[in-house]
Amino acid sequence: MASHGTVHAQVIDRERLGAGYAHLLSVVAQPEIAVSGVEIDSDSPDADTTLDVLHIPFYKEFVRDDSSLGWYLQASAGYAEYAEEFEEDLGVDQLLRLESEWTALNGIAEAGMLYAVNEAVSLMAGLSGGVARLENKAKFSGLAAGVPFPPDLEGNVFNWDTNAAIYRVHGAAHYDREHGSFRVKGVAHLTYSYVDSFSESGEFNGFADDSGAAIMQLDVSRRLNSATAKRQLFLIGHVGSTHFLGGNRDQLGFDQYFQLGASLGVDQYAAGILYLVGEDIEGVTIAFNYNY
């Protein structure tokens, strides 16, 4: 039937599929990016797009007091859902709805070196490796339920699964210093990732592509109770931005976003909420820091 021709064209034209899959896995595997509950504005008025991401991070430094050199370990386990829904009016009170969801599970580990330039500034560089599982499930619904997928889309564009290897190079500069009653922490990250699929199902062709990101974060905190109190209680203000790099940087429907929020901390732990906004994206992030 020609009835699903518009949906067919929208799917093919919206993104270079392989580059989009690689970029999705690269984004959700980075410990520096914690995104949840995001709505993405689509170029099409008949499409709804959402992205939900959950990270479980780990980070630990190993530095001797008498040395400016050290090393660190970092790891992250993540889960993500990227969902799109298209609608097409078929006429005669019939509506065709296409619902497509990509789910990703990933784990990545990183080791790297630290160098303290002075008491406030340090540099770091590391290499990461990880694996991911990416699946797509899609269906037609509405009054046109039961319309089959076009043969060139079933098992290739829709309803497939694959594994993927993730390789990452990461560099960062850190700033951490007391300014009177305030503590200022800043970090600038630069990452490059290469993602290569394997063990693809059925007719799925697989993909291999790269992706990058520049991430900047600034935290300003102030102690809320006296220095003699048994536990340290402090308030943190957060501001930051993430800018994706490379030719596939806008394959998720956005290529940058900004964050603004606040956290409440007790000793080494802090939790809070950040508002996330960009030209084509809006959402909320729940932040947790166990080594502040």
Side-chain angles (χ1 to χ4, degrees), residues 28-38 52-79 106-126 128 170-189 191 215-242 257-276 283-292:
V28 302
Q30 298 198 59
E32 297 82 11
I33 301 178
V35 179
S36 61
V38 170
D52 297 304
V53 180
L54 172 66
H55 277 131
I56 303 175
F58 170 82
Y59 180 83
K60 187 168 181 62
E61 294 182 357
F62 303 87
V63 183
R64 286 172 27 188
D65 292 338
D66 59 347
S67 175
S68 60
L69 287 174
W71 61 286
Y72 70 90
L73 289 176
Q74 179 171 251
S76 176
Y79 173 79
N106 67 77
I108 191 167
E110 177 177 321
M113 300 298 297
L114 293 164
Y115 173 68
V117 179
N118 53 43
E119 293 183 355
V121 179
S122 61
L123 304 175
M124 64 188 299
S128 309
H170 173 217
H174 289 254
Y175 178 87
D176 189 352
R177 188 169 183 178
E178 301 282 349
H179 292 268
S181 58
F182 295 92
R183 180 185 180 186
V184 178
K185 295 182 66 175
V187 60
H189 297 277
T191 69
I215 306 160
M216 290 159 281
Q217 298 169 323
L218 178 66
D219 297 342
V220 178
S221 61
R222 189 180 191 280
R223 185 156 181 165
L224 299 177
N225 56 356
S226 68
T228 59
K230 185 176 181 180
R231 290 191 174 278
Q232 181 183 5
L233 182 66
F234 52 95
L235 181 67
I236 313 167
H238 306 280
V239 63
S241 66
T242 295
Y257 62 83
F258 302 89
Q259 296 180 99
L260 180 66
S263 295
L264 184 64
V266 179
D267 295 334
Q268 297 293 311
Y269 304 93
I273 189 167
L274 290 83
Y275 176 63
L276 183 151
V284 174
T285 295
I286 305 300
F288 177 70
N289 190 317
Y290 60 90
N291 191 31
Y292 187 78

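No side-chain donor-acceptor contact under 3.5 Å links S128 and H170.
Nearest heavy-atom pair across V63 and G70 is CG2-CA, 4.0 Å. The two atoms that bring A172 and V187 nearest to each other are CB-CG2, 4.4 Å, heavy atoms only. S241 and F258 make their closest contact through CB-CD2, 3.4 Å (heavy atoms, listed as atom of the first residue, atom of the second, distance).
In this structure, Q259 CD and Q217 CD are separated by 6.5 Å, a value rounded to the nearest 0.5 Å. Considering OH of Y79 and CG of L54, their distance stands at 9.5 Å, rounded to 0.5 Å. Note that NZ of K185 and CG of N289 are 6.0 Å apart. Values are rounded to the nearest 0.5 Å. Interatomic distance, Q74 CD to F58 CZ, rounded to the nearest 0.5 Å: 10.0 Å. For the atom pair CD (Q268) and CD (Q232), the distance works out to 7.5 Å, reported to the nearest 0.5 Å.
Annotation: D66, atom CG; neighbour count of heavy atoms from other residues, nucleotides and ligands within 6.0 Å is above 12.
By the 4.5 Å heavy-atom criterion applied to side chains, R183 and D176 are counted as neighbours. Within the 4.5 Å cutoff, side-chain heavy atoms of L73 are placed close to those of F62. The closest side-chain heavy-atom distance from D219 to H238 is below 4.5 Å. Residues F288 and Y269 meet the side-chain proximity criterion, which asks for heavy atoms closer than 4.5 Å. The closest side-chain heavy-atom distance from H55 to V53 is below 4.5 Å.
At least one donor-acceptor pair under 3.5 Å links the side chain of N225 to the backbone N or O of L233. T285 contributes no side-chain N or O that, together with a main-chain N or O of A287, makes up a donor-acceptor pair within less than 3.5 Å.
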Name the atoms and distances for all side-chain donor-acceptor pairs under 3.5 Å in residues 112-125, with sequence neighbours left out.
{"unit_1": "N118", "atom_1": "OD1", "unit_2": "A120", "atom_2": "N", "d": "2.8"}
{"unit_1": "N118", "atom_1": "OD1", "unit_2": "V121", "atom_2": "N", "d": "2.8"}

message: I'd like to know whether R177 forms a side chain to side chain contact (heavy atoms under 4.5 Å, CB included) with V184, so could you lay out the CA-CA distance, the side-chain angles of the two residues, the decisive distance to 0.1 Å, and finally the verdict.
response: CA-CA 6 Å; R177 188 169 183 178; V184 178; 5.8 Å; no
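Both the sub-6.0 Å distance and the 45° axial angle are not jointly satisfied by R223 relative to the ring of F234.
In terms of the side-chain contact (heavy atoms from CB on, under 4.5 Å) criterion, residue partners of I273 (sequence neighbours excluded) are, by chain and number, V284, I286.
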